[in-house]
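Everything numeric here is computed off the predicted structure, so don't read it as measured data. In what follows, chains carry the letters A, B, and so on, assigned in the order in which the sequence lines appear, proteins first and then strands, with residues in each chain numbered from 1. The basis for the numbers below is simple: all heavy atoms, side chains too, and nothing from hydrogens, waters or symmetry mates.
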There are 2 protein chains.
Amino acid sequence: MTKLTDVAKAAGVSIATVSRVLNNPGSVNADTQQKVQQAIRSLNYKPSRVAQRLRSKGGNSKIIGLVLPDIQNPFYVDVIRGVEEAMYEKGYAAIMCNFAQNEDKERLYLDILQSESIDGLIVAPVHGRDQKVANMVLSGLPIICIDRGLTGVEADVVLVDNQQGAFDAISHLIKLGHQRIAYISGLPQIPTSKARLAGYEAAFKEHGLPVDETLIKYGDSKHESGMRLTAELLDLPTPPTALFTGNNLITLGALETIHSRGVKIPEEIALVGFDDMYWSISLNPPLTAVRQPGFEMGQRAAELLFQRIKDPARPTVKVVFDATLQVRSSCGAAAKNS
Amino acid sequence: MTKLTDVAKAAGVSIATVSRVLNNPGSVNADTQQKVQQAIRSLNYKPSRVAQRLRSKGGNSKIIGLVLPDIQNPFYVDVIRGVEEAMYEKGYAAIMCNFAQNEDKERLYLDILQSESIDGLIVAPVHGRDQKVANMVLSGLPIICIDRGLTGVEADVVLVDNQQGAFDAISHLIKLGHQRIAYISGLPQIPTSKARLAGYEAAFKEHGLPVDETLIKYGDSKHESGMRLTAELLDLPTPPTALFTGNNLITLGALETIHSRGVKIPEEIALVGFDDMYWSISLNPPLTAVRQPGFEMGQRAAELLFQRIKDPARPTVKVVFDATLQVRSSCGAAAKNS
DNA sequence: ATGAAAGCGCTAACAG
DNA sequence: CTGTTAGCGCTTTCAT
């Protein structure tokens, strides 16, 4: 690796001058400028980001952390793409960490990121009372929470109105005449699971219908849990007539179980999932789902992070996107409502 | 951030001693050891990986780069998970970069990684003659290529037998009686596209059938190209009776176009895709596809990288996994052949 | 067994 | 406008 001294030697100036043309071009003689630029180019010099990071206080390292619960979930992939696009434009790099819904793993990654002296962090905390993340916020590191907030600490957050999304989904089902509507939740301690449950219950209340607790199942937010819990539901003496799945992966698991048993959708059971996928239309049947704008959320989170890095004192904000129901045919013939 | 001096002060020893208990515990008095450990714990000290990195020559930073062409493609997500699992166990962190099939982006990320002084790199090069990656290999950085190799440079590589995978897929179709079999390729310069095309042609040859060039379309490996090129194929005076799609995303795009036109699969057109997805069974219809073991490939690549970091002189190896045809129903009633 | 000190590559005073 | 120099936090000789 060629370094500052090499360039300085080649250009016949001091390393300080080289550093200046890199960081403060205005402050140096045009001729010198030329010579140095020339040397930099011919030596193909690239500053060591490690040395830069060690030297500067923070906020100039152009590296941030991105910590997400499950990279297999296409929603988070969209978030990643959104974040990444915004980062790319600003020459930032992201250390991406997938903690697979595992708190220990999350902690390890967070430790690593801290010791990597990142400029900031975008994270979907394991749960609302994530002490580790809360402490990092308190320590002054610029942090944006995505998908899930933190309780008890002031922090920027960008998420979707989960309650409303679930409410819309269940209302749709109720209007179609369903009453025995099951809900397969992800990990119960995750804020989004709670909000979606709240929306589920609110919809029943709104229509004066009782909630049947036996139709609510809790899993771990993964594919396998969707398969297993759907089987349990189908095995009930009187199975539900409709199913609301708490996330992408659960939906796919549910679909697998339903198909393997030869149960017809939507005739024998209607299905609406939380989280849309761009290929939901190619599923059997085309899936009705609640869409979260993951890409936009990721972009937005990145922008908020840049702002906070620049101005750590900026008041915290909460950005709430709409969750929109995409009606296709897994709940019956294309309904009138859009 | 607490640092070495803080710990040293608290333990009443020099920073050198603290460093020793961290890196070479054997070389220090048991009592001192205790005191220092104690101090480290109570101060919750974590060494700065940045400083460590700047100091040490390379190979001790516990950070590697992972550069992949498209994070939207579930195959690469599997690769990521495999790499990540292996890394996690060894306390490594990965800087993950998604270059979205864009060579400029790839170059930028590679530059960043170099200047981050990574210990090693796992990469799926944009194409076989990727100069940037080739130079990095030549520079001595431990590198493992995944999914695609490099021509003209000796480098470790782990991939799948793409030609054989495509051959099996096409043979399957031919045995089912198809002759007008279209192939929608990804970017033509990508080695996997070429190998899959070779498999396609080989299958025709094997069965003494001619290849119809008008049935071969080239796209950019993305979803949209799958949609568009499928439409072109369907618009042909005599459309193909079967379609072989070059990757996951293309398959999903093809499915979307086919459904939107109300064309029946497999009655009017049979479909087999390269790349399987765990939810392929829930597509309409359940998709017959060639499976690549992405997770295992990722794990393997990580192991090879660790080896190479430890022993840069180890001869390069080429690990070839099998690509296995998963027969479901998108080519017709479950065929006899497994 | 432990400490002092050099130096990794860079930035930012401080002089000149 | 440009050069000299002091660290950033750590590892590693080299002394002791």
Side-chain angles (χ1 to χ4, degrees), chain A residues 1-37 39-40 43-63 91 111-119, chain B residues 1-37 39-40 43-63 91 111-119:
Chain A
M1 283 282 76
T2 97
K3 44 190 218 183
L4 225 38
T5 28
D6 300 328
V7 180
K9 210 167 297 170
V13 298
S14 76
I15 60 167
T17 301
V18 180
S19 177
R20 278 190 200 99
V21 341
L22 254 23
N23 305 304
N24 195 1
S27 72
V28 47
N29 189 316
D31 299 350
T32 328
Q33 180 94 278
Q34 288 302 318
K35 279 191 306 187
V36 175
Q37 296 282 22
I40 289 180
L43 290 174
N44 189 28
Y45 167 75
K46 301 266 184 338
S48 157
R49 294 171 61 112
V50 179
Q52 290 180 314
R53 203 115 50 88
L54 181 58
R55 187 67 237 284
S56 46
K57 279 295 122 226
N60 316 49
S61 308
K62 302 273 191 166
I63 191 155
D111 280 342
I112 289 181
L113 291 174
Q114 271 191 296
S115 95
E116 282 289 349
S117 305
I118 52 173
D119 286 347
Chain B
M1 283 280 74
T2 96
K3 44 190 220 181
L4 226 38
T5 21
D6 300 327
V7 180
K9 210 167 297 170
V13 297
S14 76
I15 60 168
T17 302
V18 180
S19 177
R20 279 191 198 99
V21 342
L22 254 23
N23 305 304
N24 195 1
S27 73
V28 47
N29 190 315
D31 300 350
T32 329
Q33 180 93 277
Q34 288 301 319
K35 280 191 307 189
V36 174
Q37 296 283 21
I40 289 180
L43 290 175
N44 189 28
Y45 168 74
K46 301 266 186 336
S48 157
R49 294 170 61 112
V50 179
Q52 290 180 315
R53 203 115 51 88
L54 181 58
R55 186 69 234 286
S56 46
K57 280 294 123 229
N60 314 50
S61 309
K62 301 272 192 169
I63 191 156
D111 280 342
I112 289 182
L113 291 175
Q114 271 192 296
S115 95
E116 283 288 350
S117 306
I118 52 172
D119 285 347

Colleague: Between the side chains of B/Asn23 and B/Ser19, does any donor sit under 3.5 Å from an acceptor?
Modeller: yes
Colleague: Evaluate the side-chain proximity of A/Gln33 to A/Pro25: yes if any heavy-atom separation is below 4.5 Å, no if none is.
Modeller: yes
Colleague: If you only use heavy atoms from C-beta on, which nucleotide in C/dC10, D/dC8, D/dC10 is closest to the side chain of A/Lys57?
Modeller: D/dC8
Colleague: Can you give me the closest heavy-atom contact between A/Ala51 and B/Leu54, atom names plus distance?
Modeller: CB-CD1, 3.9 Å
Colleague: Measure from the side chain of A/Pro47, starting at C-beta and using heavy atoms only, and say which of C/dC10, C/dA5, D/dT2 lies closest.
Modeller: C/dC10
Colleague: Test your reading of the model: is there a side-chain donor-acceptor pair from B/Ser61 to the backbone of B/Ile63, 3.5 Å cut-off?
Modeller: no
Colleague: Closest heavy-atom contact between A/Ser115 and B/Pro47?
Modeller: CB-O, 3.2 Å
Colleague: Is A/Arg49 reaching over with its side chain to a backbone N or O of A/Lys62, donor-acceptor style, under 3.5 angstrom?
Modeller: yes
Colleague: In whole Å, I'd like the distance from the CG atom of A/Leu54 to the P atom of D/dG9.
Modeller: 7 Å
Colleague: Please report the distance, rounded to the nearest Å, between CD1 in A/Ile40 and P in C/dC10.
Modeller: 10 Å
Colleague: Measuring from the side chain of A/Ala51 (C-beta onward, heavy atoms only), which nucleotide among C/dC10, D/dT4, D/dC10 has the closest atom?
Modeller: C/dC10
Colleague: Tell me: CG of B/Asp6 to C1' of D/dC10, nearest whole Å?
Modeller: 13 Å
Colleague: So do A/Val18 and A/Val13 actually touch side chain to side chain, heavy atoms under 4.5 Å?
Modeller: yes
Colleague: Just to confirm, is there a sub-4.0 Å distance from OP1 or OP2 of C/dG9 to any side-chain nitrogen or oxygen of A/Thr5?
Modeller: no
Colleague: For B/Gly12 and B/Ser56, find the nucleotide of DNA chain C closest to each by heavy atoms; which residue's nucleotide sits nearer the 5' end?
Modeller: B/Gly12
Colleague: Rounding to an integer number of Å, can you tell me how far A/Asn29 CG sits from D/dT2 P?
Modeller: 4 Å
Colleague: To the nearest Å, give me how far apart CG (A/Leu22) and P (C/dG9) are.
Modeller: 16 Å
Colleague: Remember a base hit wins even if backbone is also touched, and classify A/Asn23 as base, sugar-phosphate or nothing at under 4.0 Å, heavy atoms.
Modeller: sugar-phosphate
Colleague: Write out the stems for DNA chain C, ordered by first number and formatted as range with range, counting runs of at least 3 consecutive Watson-Crick or G-U wobble pairs under 3.5 Å.
Modeller: C:1-16 with D:1-16
Colleague: Output the rounded distance in Å from CE (A/Met1) to P (C/dG7).
Modeller: 22 Å
Colleague: How far apart are the closest heavy atoms of B/Thr32 and B/Val28, and which atoms are they?
Modeller: CB-CG2, 3.9 Å
Colleague: Base, sugar-phosphate or nothing for B/Val50? Non-hydrogen atoms, less than 4.0 Å.
Modeller: nothing
Colleague: Under 4.0 Å, counting only non-hydrogen atoms across every strand here, what does B/Thr17 touch: a base, just sugar-phosphate, or nothing?
Modeller: sugar-phosphate
Colleague: Within the sub-3.5 Å range, which N or O atoms of nucleotides 13-16 of chain C have a protein N or O partner, and how far apart are they?
Modeller:
from: C/dA13; atom 1: N6; to: A/Arg20; atom 2: NH2; distance (Å): 3.4

Colleague: Between C/dG9, C/dA5, C/dA1, spot the one nearest the side chain of A/Lys3, thanks.
Modeller: C/dG9
Colleague: Closest to the A/Val13 side chain: D/dC10, D/dG3, C/dG9?
Modeller: D/dG3
Colleague: How do B/Arg49 and A/Gly26 order along DNA chain D: which one's closest nucleotide is nearer the 5' end?
Modeller: A/Gly26
Colleague: Do B/Val21 and B/Ile40 come close enough that some side-chain heavy atom pair is under 4.5 Å?
Modeller: yes
Colleague: Tell me the interatomic distance from B/Gln52, atom CD, to D/dC8, atom C1', rounded to whole angstroms.
Modeller: 14 Å
Colleague: Looking at D/dG9, I'd like to know if its phosphate oxygens (OP1 or OP2) sit under 4.0 Å from a side-chain N or O belonging to B/Ser48.
Modeller: no
Colleague: Any donor-acceptor pair under 3.5 Å linking the side chain of A/Arg20 with the backbone of A/Ser27?
Modeller: no
Colleague: How long is the line joining CG of B/Asn60 and C1' of D/dG9, in whole Å?
Modeller: 16 Å
